[in-house]
Number of protein chains: 2
Amino acid sequence: MKAQTTIKDIAKALNISPSTVSRALKDHPDISQKTKDAVNQVAEELDYHPNTIAQSLRKSRSNTIGVVVPELVHHFFASVISGIEDVAYKAGYRVVICQTNEDVEREKQNVSALISSRVDGILCSMTKETRDFKHFKSVQKRNIPLIFFDRIANEVKADSVVVQDYEGAFQAVEHLISQGCRRIAHFKGPDSLLITKQRINGFHDAMREHKLPVEQDLIIEADNRDLARATIRQMVESGAPLPDGIFCVNDNVAVGALLQLREMGVKVPEQVKIIGFEDDVTFTQLTDPQISSVVQPSFEMGQLATHMFLDELARKESHPDKILEIKTPRIEVLKTKVVVRGSSCEKVWEEEKNRRVQE
Amino acid sequence: MKAQTTIKDIAKALNISPSTVSRALKDHPDISQKTKDAVNQVAEELDYHPNTIAQSLRKSRSNTIGVVVPELVHHFFASVISGIEDVAYKAGYRVVICQTNEDVEREKQNVSALISSRVDGILCSMTKETRDFKHFKSVQKRNIPLIFFDRIANEVKADSVVVQDYEGAFQAVEHLISQGCRRIAHFKGPDSLLITKQRINGFHDAMREHKLPVEQDLIIEADNRDLARATIRQMVESGAPLPDGIFCVNDNVAVGALLQLREMGVKVPEQVKIIGFEDDVTFTQLTDPQISSVVQPSFEMGQLATHMFLDELARKESHPDKILEIKTPRIEVLKTKVVVRGSSCEKVWEEEKNRRVQE
């Protein structure tokens with residue numbers, strides 16, 4: 001059985017030369033429309049697929065963008081990818097996605113594999129554990145555009161898109177303070193990630209701005225649902241006075257804290273107010289009370305990252321002699337917004353209850 | 001600037017032949033450990049990446065599995081992909097993922113692109129709209145293993161993994177009947193998908209088994225949250241008596257129905273009992289009441305699909321002369337399980353309320 005139809009097969013079927021077929025398939029002006037139509041029809045009939053591997057060896061273009069993300073189960077990343085595809089497909093690029101599962105070794109493996117398969121660019125959000133950046137520098141050395149989004153590395157000079165993590169955190173804490181909170185806890189992410197570091201800084205600066213003391217034992221690393229639950233359990237069981245507000249590094253942490261407090265008989269928002277930072281829109285409005293959050297434009301982040309890749313590719317192709325390092329990295333910062341729901345505001349919580357008072 | 005380090009560069013640096021370098025990199029027994037160590041060290045220093053495109057032209061292997069799924073925002077598919085990666089990486093394969101966004105044209109484009117980039121196999125879950133199967137037959141004609149999971153096509157003879165959609169639906173409806181429901185509605189998916197057709201059949205057969213009439217206007221196509229909300233709104237506003245139970249084609253539909261009923265003053269589970277079919281575990285336990293569901297082993301589905309690909313590849317390589325068509329397709333069916341929560345059972349709903357009675 002024959003594995004692949006080639007240009008030669010089409011040429012033979014039409015009794016014309018392979019180079020005519022090749023040019024017809026590329027819509028070359030020297031070839032008549034009649035010939036082009038015939039070639040395209042036979043190509044369709046013989047189920048011809050261009051061998052992109054051989055093509056990419058010749059013109060070193062694969063028309064593929066590689067995307068590397070930590071975890072696809074996070075709604076946030078799925079949404080960024082939709083934004084990437086939205087721009088990429090319109091520009092004639094296809095998108096292949098690799099997931100690292102927060103494993104640096106797999107991140108290195110994925111990046112190396114994408115380099116080897118000659119993608120035209122890599123869009124990446126790092127793992128929590130990435131401390132060594134050699135694999136990214138290796139991308140840049142090859143003059144392949146590398147764009148970071150969300151989780152970026154200051155250590156690598158690359159174009160990147162982030163959101164206002166610092167400002168969002170600052171505003172979230174100010175909101176808790178405006179609701180009467182004085183002893184505010186922060187369930188934080190790892191210091192290794194710039195985004196979580198920014199959120200920690202925003203927390204500290206908002207407390208300082210409002211002359212509120214930061215209690216060190218109320219700053220706890222807990223960046224998933226289970227850790228949030230365990231942290232709340234410890235806090236309640238210790239018998240020490242609870243904080244009156246918690247700023248959580250993401251929505252999954254906020255939901256874990258909310259459910260655990262509720263199960264242990266602590267009232268949210270009356271006794272403890274909670275606000276998260278958007279990572280999953282699918283559930284923040286399902287709980288009682290609903291969860292306040294700092295929302296971020298994830299779809300737009302994907303769109304913008306892809307536009308930056310296209311710009312970078314165009315720049316590179318118009319100045320093939322210049323190397324990337326000479327350019328100052330372009331950093332785009334997208335706006336965040338505090339969305340107040342019942343978990344951080346008694347008035348809104350009353351409204352949420354009234355909306356289903358008929359029960 | 002030099003784009004890629006080659007084997008020749010390593011050979012030159014060590015003053016040995018390129019073929020020695022090549023064999024050393026492949027851990028060939030004829031090469032001394034000392035030479036291998038030296039070669040690997042220089043390869044590391046010069047940041048050498050094997051050119052897999054050139055390699056795959058030579059040995060027609062890319063060590064890549066292509067995965068095509070409808071939507072990554074669905075937790076179900078993200079979980080299947082984790083299962084695929086779990087087996088694939090251990091077997092030395094990397095995984096590239098393409099998303100179709102329920103668009104048949106993009107599905108064709110993705111499949112064609114994966115063929116062109118010479119993946120070793122394709123694991124696919126079809127779009128809702130796929131009615132034409134030429135692109136899949138095109139994969140098989142090339143002797144590339146093609147495995148379907150979840151959303152499969154009877155029209156294509158291929159190995160596939162599904163869950164007990166019929167049995168799961170049957171059991172879900174029997175559960176509603178055991179809870180006292182007599183007028184049961186089904187919010188169904190499109191008839192084009194085998195899985196949703198199976199769920200419809202399970203619904204009908206369970207009703208027939210229990211000698212309950214099926215009311216045609218209680219079978220409504222509504223396969224996402226918004227459609228479920230709109231359907232409930234119409235039902236309530238029409239003033240006609242509501243069904244006492246709803247079997248929903250997935251959890252997103254169940255959550256939409258639940259929230260809309262609650263907002264319109266209808267009590268769940270007291271007046272209407274609801275059960276879904278698992279597509280997202282992240283939120284079924286967040287609502288009041290929590291949502292009953294038919295749970296399916298998505299991670300295991302991904303693992304099994306990948307094992308089937310590896311089996312198929314081994315079979316193909318040991319009998320390169322035989323074509324795929326002669327084999328009877330292997331269909332694996334994974335077990336589902338009804339998980340009862342408050343949305344379909346008053347007793348469980350009381351327990352859920354008691355668990356936070358301290359409030």
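Heavy atoms only: backbone and side chains are in, while hydrogens, waters and symmetry mates are out. Letters A, B, ... are given to chains in the order of the sequence lines, protein chains preceding strands, and every chain is numbered from 1. Owing to the predicted nature of the structure, the values given are computational and were not obtained by experimental measurement.
In this structure, the side chain to side chain contact (heavy atoms under 4.5 Å, CB included) partners of A:Glu44, at least two apart in sequence or on a different chain, are B:Lys134. For B:Gln303, the side chain to side chain contact (heavy atoms under 4.5 Å, CB included) partners are B:Asp86, B:Val87, B:Phe299, B:Glu300, not counting sequence neighbours.
Of the two parts of A:Val95, only the backbone, made up of N, CA, C and O, holds a non-hydrogen atom closer than 4.5 Å to a non-hydrogen atom of chain B. Only the side chain of A:Asn101 comes within contact range of chain B, with heavy atoms under 4.5 Å apart. Looking at A:Val255, the atoms closer than 4.5 Å to chain B (heavy atoms on both sides) all sit in the side chain, from C-beta outward. Proximity to chain A is limited to the side chain of B:Leu259, based on heavy atoms less than 4.5 angstrom apart. Interface remark: A:Ser82 contributes backbone and side-chain atoms alike to the contact with chain B (heavy atom separation under 4.5 Å).
Looking only at side-chain heavy atoms (C-beta outward), B:Val268 and B:Trp349 stay at 4.5 Å or farther from each other. Between A:Leu72 and A:Ile81, some side-chain heavy-atom pair lies under the 4.5 Å cut-off.
Not a single donor-acceptor pair under 3.5 Å links the side chain of A:Thr306 to the backbone N or O of A:Ala88. Looking only at distances, no side-chain donor or acceptor of B:Thr64 sits under 3.5 Å from a matching main-chain atom of B:Val119. B:Gln271 places a side-chain N or O within 3.5 Å of a backbone atom of B:Lys267 that can act as its donor or acceptor partner.
Residue pairs meeting the salt bridge (Lys or Arg N to Asp or Glu O under 4.0 Å) criterion with at least one partner in residues 64-75 of chain B, sequence neighbours excluded, are absent.
Chosen from A:Ala78, A:Ser79, A:Gly66, the residue pairing most often with chain B at heavy-atom distances under 4.5 Å is A:Ala78. When each of A:Thr287, A:Val73, A:Ile97 is checked for heavy-atom pairs under 4.5 Å with chain B, A:Ile97 comes out on top. Interface summary for chain B: among A:Gln285, A:Gln99, A:His75, the most heavy-atom pairs under 4.5 angstrom belong to A:Gln99.
Residues from residues 102-112 of chain A that place a non-hydrogen atom less than 4.5 Å from a non-hydrogen atom of chain B comprise A:Arg106, A:Gln109, A:Asn110, A:Ser112, given in numerical order.
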- Are B:Asp251 and B:Thr284 close enough, and set up right, to give a side chain to side chain donor-acceptor pair (under 3.5 Å), and what steps lead you there? CA-CA 7 Å; B:Asp251 291 340; B:Thr284 42; 5.0 Å; no
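Taking NE2 of A:His74 as the reference point, atom OG of A:Ser298 lies at 13.5 Å (rounded to 0.5 Å).
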